[in-house]
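Heavy-atom basis, side chains included; hydrogens, waters and symmetry copies ignored. Everything numeric in this text was worked out from a predicted model, so none of it was measured. Residue numbers begin at 1 in each chain, while the letters A, B, ... track the order of the sequences.
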There are 2 protein chains.
Amino acid sequence: MAAARVRSGGRPTLEEVAARAGVGRGTASRVINGSPRVSDATREAVEAAVAELGYVPNRAARALAGNRTDAIALVVPEPETRFFAEPYFSAIVRGVGAALADTEMQLLLTLVGNDRERRRLAQYLTAHRVDGVLLVAVHADDPLPELLEQLGMPCVISGARHAAETLPSVDSDNFEGARAAVEHLVSRGRRQVATITGRLEVYGAQRRLDGYRAAVSAAGLAPDERLIAPADFTEEGGAAAMRDLLARRPDLDAVFVASDVMAAGARQVLREAERRIPEDVALVGFDDSVVARHMHPALTSVRQPIEEMGRRMAQLLLDEIAGRTPGDERPSVVLPTELVVRDSS
Amino acid sequence: MAAARVRSGGRPTLEEVAARAGVGRGTASRVINGSPRVSDATREAVEAAVAELGYVPNRAARALAGNRTDAIALVVPEPETRFFAEPYFSAIVRGVGAALADTEMQLLLTLVGNDRERRRLAQYLTAHRVDGVLLVAVHADDPLPELLEQLGMPCVISGARHAAETLPSVDSDNFEGARAAVEHLVSRGRRQVATITGRLEVYGAQRRLDGYRAAVSAAGLAPDERLIAPADFTEEGGAAAMRDLLARRPDLDAVFVASDVMAAGARQVLREAERRIPEDVALVGFDDSVVARHMHPALTSVRQPIEEMGRRMAQLLLDEIAGRTPGDERPSVVLPTELVVRDSS
DNA sequence: CAGGGTATTGGGAGCGCTCCCAAAGAGGGT
DNA sequence: ACCCTCTTTGGGAGCGCTCCCAATACCCTG
């Protein structure tokens, strides 16, 4: 029995645990990793040694020997203010954190600001420094997903990039959320329902517009392209779009806005135009952010289960990494939204 | 010259880079790590080989051999909603990310929810899985800082825990921010200035109260403890405190609230009590969050340079890890705040 | 021209773990 | 009792890097 080198300080090694338990290194490793091919007696002995020594595996050694990292990266495109804004970012992080809580997986946060950082990220991924990647707010033309697919790197994205998404993705039901919002407006007697959309290259924004259209025709209202104003998810964009709408269709009596922040911009314009909310114009937002609650009047909004989305993304990724993808098709999750009715509608 | 093993797939190793450059492994390593003890010709040869092969060092191997990890942890106590709320979290993350951008350092996100996760974190840190720790929103009685100090683990905290903080810390100037806010109220002719404080166990909240007191006496106003209502940084707490204040001193004409969220609660109560803002009561918040901008009327608030705080925390930590602490005393940074005047005052 | 630096360099010895092969032990059937 | 199979076990061989020592090359000095 090889006596483990005596080490005064430092953390205990597997070798020491094995020596203490009176078994070989291989056996100790098997116990630590939960292999079934160990007798009960041995397992208990090793577990006791682990507890006595306070052994914690050395992650680096594990990664080196096992060719894995036990870490996943959450990649956040920093300029994408829509994502980085409240409540998206912290909620996603919370959800991911929750899903990872009783896992050995570490969460690496990677902010991608400019092109240089983007290249560094690509290098990172190529160097296999993580077992998988969570990609949020990817654009349809982002080369990153392709790169990941080529590398065979497990990956989950938030929000499908288009109808024929090939990557595993988690999304909220943008179509249904928008549809329900507009249906709600119609049920309150509104007849000239306009919409301010997000950037339509973003698939989710397109789906919200689709939902709007579906609800409009389901209600038997006359579709009118002049009631549709595209914007860019910013407050200023929302304001500009609202001005356009008022100019084109001054008779509108409701607006479904594809984000709360844009709704804030729209409300400002409506106030300046002296349209009362909700008496003259009803307003519904999307996201149910802090802004919605504190707007005056409080904004009716479509809530997305963002934290849950984070959790599901992480779970999907863990599955992907473990290789237990059920069928051949890519798992894609669509979570329901909820309409939170407040004073603006 | 030992021929490097030919490997079809896979990433290139140091050994391969060395072979390609026609040098030894040690020399290649020296170049990669920027050692000055290499001739220019050799350096160039190695750099060329690195570029041609697209070599990226294997992090795990480095960590194992070098007994470091090139990673730091951002530890976030999840139940601490004050911190996790907008804008704190994302701004800190941004700042930290910016400071780390041209470093090899990785950012690990660790959410600490319950006691179990807390123990796991302690184990983590004991196992030296990171080179340093960024601790945000620590309570004065949190055992974590002590643990870190015992382990000799570099650490920076956001917000001193008390006047005699021993750890390197980054903070905004809570005292001066509060003082300036109250001074502003006084300069607008307010004479009965009340305050709603955060939880006073939080040192920052205490400092804000100190700043309030300083401004009150500097203005020659009569200090009155009935004008001071403690709360807990929540909207409901702010509302309750506002009710207390109105009951005790119905003649108050201004309130300095130690956070925007509490200010939102207070505003609600003032509206119910039919006090106009700012005509009857002027309101000033703290944080300059989204809530402040969208409140009605828009809330005057004290802005903290949170992103900059994140950046400085990271820099301090990197210094600490590099061991180049200038003197013996712990570096502690206090950043200035800025009063953003809006319609509520 | 010898002697004693100083600047470079190569490569051995690990770091602590996983993988895997071969050996030892434990039954079971005939 | 013997052979064969299945289970359990030990430990060698790396994973790719850093650290460091010894070797070599080069340069002054007297």
Asker: Report the distance from atom CG of A/L14 to atom P of C/dG16, rounded to the nearest whole Å.
Answerer: 11 Å
Asker: With a 4.0 Å limit, can you tell me whether B/T42 has a side-chain N or O closer than that to the phosphate oxygens OP1/OP2 of C/dT8?
Answerer: no
Asker: Contact list please: residues 46-63 of chain A against DNA chain C, heavy atoms, distance less than 4.0 Å, in numerical order.
Answerer: A/Y55, A/P57, A/N58, A/A61, A/R62
Asker: Could you list the donor-acceptor pairs under 3.5 angstrom formed by side chains in residues 28-36 of chain B, with sequence neighbours left out?
Answerer:
{"unit_1": "B/S29", "atom_1": "OG", "unit_2": "B/N33", "atom_2": "ND2", "d": "3.4"}
{"unit_1": "B/N33", "atom_1": "OD1", "unit_2": "B/R62", "atom_2": "NH2", "d": "3.1"}
{"unit_1": "B/N33", "atom_1": "ND2", "unit_2": "B/S29", "atom_2": "O", "d": "2.8"}
{"unit_1": "B/S35", "atom_1": "OG", "unit_2": "B/R37", "atom_2": "N", "d": "3.1"}

Asker: Look at the side chain of B/S39 and decide which nucleotide, out of D/dG14, D/dT8, C/dT8, has an atom nearest to it.
Answerer: C/dT8
Asker: Can you sort out which residues in residues 27-38 of chain A have a heavy atom within less than 4.0 Å of DNA chain D? Ascending by number, please.
Answerer: A/T27, A/R30, A/R37, A/V38
Asker: Can you check the A/N67 CG to D/dG16 C1' distance for me, whole Å?
Answerer: 11 Å
Asker: For B/D142 and B/R118, what are the C-alpha separation, side-chain angles and deciding distance, and is it a salt bridge (charged side-chain N to carboxylate O under 4.0 Å, His left out)?
Answerer: CA-CA 11 Å; B/D142 195 316; B/R118 207 173 185 70; 2.4 Å; yes
Asker: With B/R43, which residues qualify under salt bridge (Lys or Arg N to Asp or Glu O under 4.0 Å), at least two apart?
Answerer: none
Asker: Tell me the interatomic distance from B/E15, atom CD, to C/dG11, atom P, rounded to whole angstroms.
Answerer: 9 Å
Asker: Which donor-acceptor pairs under 3.5 Å do side chains of residues 95-107 of chain A form with protein atoms, sequence neighbours excluded?
Answerer:
{"unit_1": "A/T103", "atom_1": "OG1", "unit_2": "A/L100", "atom_2": "O", "d": "3.4"}
{"unit_1": "A/Q106", "atom_1": "OE1", "unit_2": "A/R59", "atom_2": "NE", "d": "3.4"}
{"unit_1": "A/Q106", "atom_1": "NE2", "unit_2": "B/Y124", "atom_2": "OH", "d": "2.9"}

Asker: Given atom CZ of B/R11 and atom P of D/dG16, what is their separation to the nearest angstrom?
Answerer: 8 Å
Asker: How many whole angstroms separate atom CG of B/L64 from atom C1' of C/dC15?
Answerer: 4 Å
Asker: Measuring only between side-chain heavy atoms, which start at C-beta, is B/E307 closer than 4.5 Å to B/I92?
Answerer: no
Asker: Okay, side chain of A/Q123, backbone of A/R119: is any donor-acceptor separation there less than 3.5 Å?
Answerer: no
Asker: Indicate yes or no for a side-chain donor-acceptor contact from A/D171 to the backbone of A/V334 under 3.5 Å, with no hydrogens or angles considered.
Answerer: no
Asker: For B/R25 and C/dG14, give me the distance from atom CZ to atom C1', rounded to whole Å.
Answerer: 11 Å
Asker: Could you state the CZ-P distance from A/R68 to C/dC17, rounded to the nearest angstrom?
Answerer: 12 Å
Asker: May I ask you to test the A/T13-A/E16 pair for a side-chain heavy-atom distance under 4.5 Å?
Answerer: yes
Asker: Starting from P on D/dT8, measure out to CG on A/D40 and report it in whole angstrom.
Answerer: 9 Å
Asker: Let me check the geometry of the helix from C/dC1-D/dG30 to C/dT30-D/dA1. What is the bend angle between the axes at its two ends, five pairs each, to 10°?
Answerer: 40°
Asker: Looking at A/T69, is its backbone amide N or carbonyl O close enough to the side chain of A/D131 to form a donor-acceptor pair, meaning the two atoms are under 3.5 Å apart?
Answerer: yes
Asker: Find which nucleotide of DNA chain C each of B/G26 and B/A65 is nearest to by heavy atoms, and output the residue with the more 5' nucleotide.
Answerer: B/G26
Asker: Tell me, do A/I157 and A/V136 make a side-chain contact under 4.5 Å, heavy atoms counted?
Answerer: no
Asker: Hey, is B/R311 close enough to B/E308 for a salt bridge, meaning N to O under 4.0 Å?
Answerer: yes
